[in-house]
Structure formats: C-alpha cells, structure tokens
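The structure appears below as structure tokens.
Side chains included, hydrogens not; waters and symmetry mates left out as well; all remaining heavy atoms used. The first residue of the sequence shown is numbered 1, and numbering continues consecutively from there. Order of listing sets the numbers, starting from 1, for every ligand and every atom in it.
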Amino acid sequence: MDYLEITGGQALAGKVKISGAKNAALPILASALLCENLLKISNLPDVADVKTLAKLLEHLGSEIEWTSPNEMLICSSRIIHTKAIYDIVRKMRASILVLGPLLARFGKCEVSLPGGCAIGARPVDLHIKAMEKMGAEITIEGGYIVARAPRGLKGSDIIFDKITVTGTENVLMAAALAKGETKIINAAKEPEVIQLCEVLKQAGVEITGIGSNELCVRGSDGVLLRSEPICVIPDRIEAGTYLCAGAITNSHISLQGVIPTHLEAISSKLQEIGFHIHTQGDMLEIFPANKRKAFEIITTEYPGFPTDLQAQFMALATQCEGSSTIEERLFENRFMHVSELQRLGADISLRGNVAKITGREKLFGADVMATDLRASSALVLAGLVATGQTQIHRIYHLDRGYERLEEKFCALGAQIKRLREK
Ligand code: UD1
C-alpha cells in the first residue's frame with residue numbers, strides 16, 4: 001500500500017489543469033447501457049472510481065477500448081449479464097447507478113446493496129422507492145436488490161422526500177427507456193445531473209426543466225438510444241480543492257479548464273474570507289489575502305456549499321483568524337477528518353453536526369490516516385502548512401477521485417512524495 005509524505009511550509013505558485021468530473025463521468029458511463037451505438041467519452045478523469053465502473057460495465061458485457069488514459073470507446077449493444085456483483089459494487093457506492101438503466105432495458109436486474117461507508121449509513125431507499133413507483137417489483141435477497149419489471153417500466157410522478165444526486169440520475173436513466181412521461185419533483189440540480197440530462201437529450205430523449213428541481217422525461221418505450229460523443233465537464237470539487245490549497249498556503253495559483261459558474265459558492269466563500277478571485281474564460285485565479293477571516297459554512301445541495309468540500313475548508317479554517325463553524329447537513333458522519341486534523345494540532349470541537357474550528361493554531365506534521373475521499377484531501381492541505389513532515393496513510397481513498405494528485409501539487413511547488421508502506 002502507498003502513503004504520501006508531505007514536507008510542509010512551501011508556498012505554491014503556477015497553474016494547474018483541472019480534470020474531468022468523476023461525479024459526471026460515472027452517470028455518463030452508466031448511461032452507455034441505454035445506447036445501441038459505439039460511444040466516445042472524453043475528458044474522463046484517470047481515477048480508480050471510473051475504472052471500477054468501467055470494470056462493472058465490462059462484466060455486464062460492455063466492450064470498452066481505452067484510446068488514451070482519459071478517453072474511451074464503449075459499446076453496450078451486447079449485454080450478457082444483468083447482475084452487478086458485490087465484489088465490484090462494494091468498492092464504490094455509485095455502482096448503484098446501473099440499477100435504473102439495467103432495469104429499464106432488460107426488465108430485470110440484480111444489484112448488490114452497496115453497504116455502509118465511512119461518511120454514514122447512505123441508504124438507497126429512495127432509488128428503490130422510485131423504481132417501484134415506475135412499476136418494478138423489488139425484493140432484497142442475499143444482499144442484492146432484485147428488481148423485476150417484466151412488462152417494462154412506466155412513466156410516473158416521482159417525488160423525492162430528500163434531494164438525491166445519484167437517485168435523480170437513476171430515475172432519469174430509467175425514465176429515458178420507460179413507457180410514457182416521468183416527472184421528477186424535488187430533483188437534484190448539480191451540474192453533473194445537468195450534464196446527464198444533456199447527454200440523454202442529445203441522444204434523443206425529450207427532457208424539460210433541465211437545471212430546475214422539476215424534470216419531465218418522455219421515455220422511448222424500450223427503444224435504445226444513439227448517443228453523440230461526450231466530453232465530461234470539469235471537476236468542480238477537484239477545482240475547489242486546489243483553490244483551498246492556494247488559500248491555505250496563501251499563494252497565487254491559477255486553475256485552467258474550469259467552469260467558473262459551477263464554483264460560485266466556493267469563490268464567494270473564499271472572497272468572504274479575504275481572498276481575491278479573478279476569472280477569465282475557463283481560468284480562475286486565487287490571490288493571497290492580507291488577513292484571513294473566520295467563516296461559517298452550512299453544507300447543502302447545489303447551488304449551495306458542497307459537502308464534498310467541507311473537509312478541505314475545515315483544514316483552511318485552522319489558518320484563519322478567530323473561530324469558524326462548519327455545519328454538515330447532508331451526511332451524519334462526515335467528520336472523520338476531525339480527529340486526524342487534531343493529530344496535526346488543529347483546535348476543533350464537535351457538537352452534533354457542527355464543528356467549531358479555532359484558527360491560527362500552528363500545525364505540526366504527524367502520521368495520519370485517510371478515512372474517505374474528501375477527508376484525505378483535507379489532510380493533504382493541512383500537510384502543506386504543517387511544520388515538518390506529514391505522512392498520510394491509506395491513500396487509496398485519494399486515488400478514487402483525484403487524478404495525478406501529487407504530480408499536480410508538485411508542479412505547483414509542493415513537496416509531496418508517494419512511498420510504499422514497509
Ligand atoms: C452524490 C455524490 C457525492 C456527494 C453527494 C451529495 C456522486 C457519485 N456522488 O452522492 O460525492 O457527496 O452526492 O452532494 O455523484 N439519501 C437517502 N436515501 C437514498 C439516497 C440518499 O436517505 O436512497 C440521503 C443520503 O444519505 C444523504 C442525502 O440523501 O443524506 C443526499 O445523498 P445523495 O445526494 O443521494 O448522495 P449520493 O448521490 O450518494
């Protein structure tokens with residue numbers, strides 16, 4: 001197993017190219033199950049989660065050719081299995097994204113229940129309820145969601161009790177091949193959901209309300225789609241992580257290849273803290289602050305502040321003057337990074353889902369453990385400013401979602417080495 005060794009205290013400078021969004025790539029890959037043609041997907045991030053889903057699709061019968069580390073050709077015309085096995089699903093919860101497409105196309109499927117994860121219970125009850133509303137019979141057998149819809153799925157009104165990103169994506173894909181019209185009320189409107197809508201639309205599916213919380217999809221009644229080449233949108237969470245790196249080291253860096261409007265909640269929080277942000281086309285720059293003020297964050301659905309950047313901003317709060325508060329509203333257990341940041345000397349107290357961080361404490365390098373994807377990147381950020389060396393263990397979490405992380409950071413002037421555990 002690999003670990004990262006970071007020598008803190010270096011200022012950063014320069015440009016970093018942002019990769020394609022993992023959370024947009026995953027539903028796009030799953031949507032290939034709805035298509036009869038050979039599909040080209042480019043700007044895929046070269047990360048473990050994308051490989052895991054590609055492996056699952058290959059196991060189902062999709063033919064995949066990687067034409068470069070960031071581009072694939074995929075053809076799902078000859079699917080031979082409809083069972084998403086535990087061995088692959090357990091590696092990545094987002095494997096649940098094959099439920100809607102498989103069920104809509106074949107009228108049956110089995111998808112392993114993803115199980116627990118470090119950031120909370122994360123049930124899939126809303127996905128299951130929605131498929132039932134569309135006419136599926138669902139049972140849980142031997143750890144699998146066993147879904148049957150022998151007469152196909154039928155359009156229906158789906159009202160989500162809670163906004164769910166992958167839940168909305170699953171219903172969108174199921175509705176694309178269903179019979180009649182599906183309304184999704186209280187839909188997620190993250191940019192990644194919007195890209196999936198656009199991909200389906202360009203493949204011939206009638207969708208209205210794109211970008212709003214009420215989507216209306218007219219299904220093809222089982223007729224497979226023909227998709228055009230797709231270029232995955234840039235990763236706003238990776239971009240936010242690098243902005244935090246500029247902020248925590250109080251450096252001037254620029255991000256290339258972003259969509260600045262996707263980053264508005266993040267840019268405006270950084271401006272509130274004291275940073276100057278400049279955008280031009282697909283470039284976004286952060287300039288050092290004279291004084292970094294304490295801040296408050298409440299995580300919420302897009303366009304609000306993303307839960308996927310909560311941990312990184314907590315690392316940043318350790319360097320701001322005064323007490324910052326961060327309230328986590330989406331996942332009940334997403335504070336695993338707190339005890340690891342405390343090992344580096346951070347002053348953080350937790351009360352329920354609210355963390356209070358008292359800044360201007362000096363951080364000191366130590367051995368720490370990555371617990372989930374975004375928590376791990378917060379530890380990298382803290383390591384950049386900690387005195388001495390920080391060793392981050394279990395970095396396979398980072399490899400799930402950050403492409404060439406140490407290479408990108410080193411190009412900005414950080415000192416990060418990937419080493420092998422003895
Ligand atoms: C997606 C993102 C993840 C991000 C999260 C919230 C992907 C691949 N992952 O995860 O990076 O952190 O959105 O922005 O896009 N819920 C239920 N029942 C369900 C489904 C969800 O109770 O059936 C709850 C969850 O526990 C959570 C909330 O709804 O409290 C939102 O979760 P959801 O939007 O579904 O997260 P994911 O789609 O899994």
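- Which parts of ligand 1 touch Val124 is read off a 4.0 Å heavy-atom cut-off, strictly below it: atoms 19 (C), 23 (O).
- Contacts between Leu126 and ligand 1 below 4.0 angstrom, taking non-hydrogen atoms only, involve backbone and side chain alike.
- At least one heavy atom of Lys162 sits under 4.0 Å from some atom of ligand 1.
- With values rounded to the nearest 0.5 angstrom, Leu341 atom CG is found 12.5 Å from Met336 atom CE.
- Checked by distance only, ligand 1 and Glu169 stay at 3.5 Å or farther apart across all their nitrogen or oxygen atoms.
- Proximity to Ile163 (heavy-atom distance under 4.0 Å) selects the following atoms of ligand 1: 31 (C), 34 (O).
- At a cut-off of 3.5 Å, with distance as the only test, no side-chain donor of Glu71 or Ser42 sits close to an acceptor on the other residue.
- At a threshold of 4.0 Å, the pair Glu181-Arg218 counts as salt-bridged, since one of the basic side-chain nitrogens sits closer than that to a carboxylate oxygen.
- In terms of polar-atom proximity, Leu26 is not counted as a contact of ligand 1, lacking any N or O under 3.5 Å from an N or O of the ligand.
- Set against the non-hydrogen atoms of His127, the atoms of ligand 1 under 4.0 Å away are 23 (O).
- The distance criterion of under 3.5 Å between nitrogen or oxygen atoms is not met by Arg93 with respect to ligand 1.
- Close contacts between ligand 1 and Arg334 involve ligand atoms 12 (O) [criterion: under 4.0 Å to a heavy atom].
- Atoms of ligand 1 lying under 4.0 Å from at least one heavy atom of Val165, given by number and element, are 1 (C), 13 (O), 15 (O), 33 (P), 34 (O), 35 (O), 38 (O).
- A donor-acceptor pair shorter than 3.5 Å can be found between the side chains of Glu421 and His393.
- In terms of polar-atom proximity, defined here as any N/O pair under 3.5 Å, Thr164 does make such a contact with ligand 1.
- The part of Thr307 lying near ligand 1 is the side chain, judged by heavy-atom distances below 4.0 Å.
- Looking at Asp372, Asn333, Leu330, Asp308, it is Leu330 that brings a heavy atom closest to atom 27 (C) of ligand 1.
- Between the side chains of Glu36 and Ser77, no donor-acceptor pair of N or O atoms lies under 3.5 Å.
- For ligand 1, the polar-atom distance check against Glu190 finds no nitrogen or oxygen pair separated by under 3.5 Å.
- Residue-ligand proximity: Arg329 is placed with every non-hydrogen atom at 4.0 Å or more from ligand 1.
- Using a cut-off of 4.0 Å between Lys/Arg side-chain N and Asp/Glu carboxylate O, Arg329 and Glu327 are scored as salt-bridged.
- A side-chain hydrogen bond (donor to acceptor under 3.5 Å, both in side chains) with Tyr402 holds for exactly one of Lys22, Lys408, Arg374; it is Arg374.
- Using a cut-off of 4.0 Å between Lys/Arg side-chain N and Asp/Glu carboxylate O, Asp399 and Arg418 are scored as salt-bridged.
- The pair Asp161-Lys129 meets the salt-bridge criterion, since a charged nitrogen lies less than 4.0 angstrom from a carboxylate oxygen.
- Side-chain contact, Glu214 with Ser212: no donor N or O sits under 3.5 Å from an acceptor N or O.
- Distances shorter than 4.0 angstrom do not occur between any heavy atom of Gly167 and any atom of ligand 1.
- Using cut-offs of 30° and 60° on the angle between ring planes, the pair His81 and His59 is parallel.
- Not a single heavy atom of Leu97 lies less than 4.0 angstrom from ligand 1.
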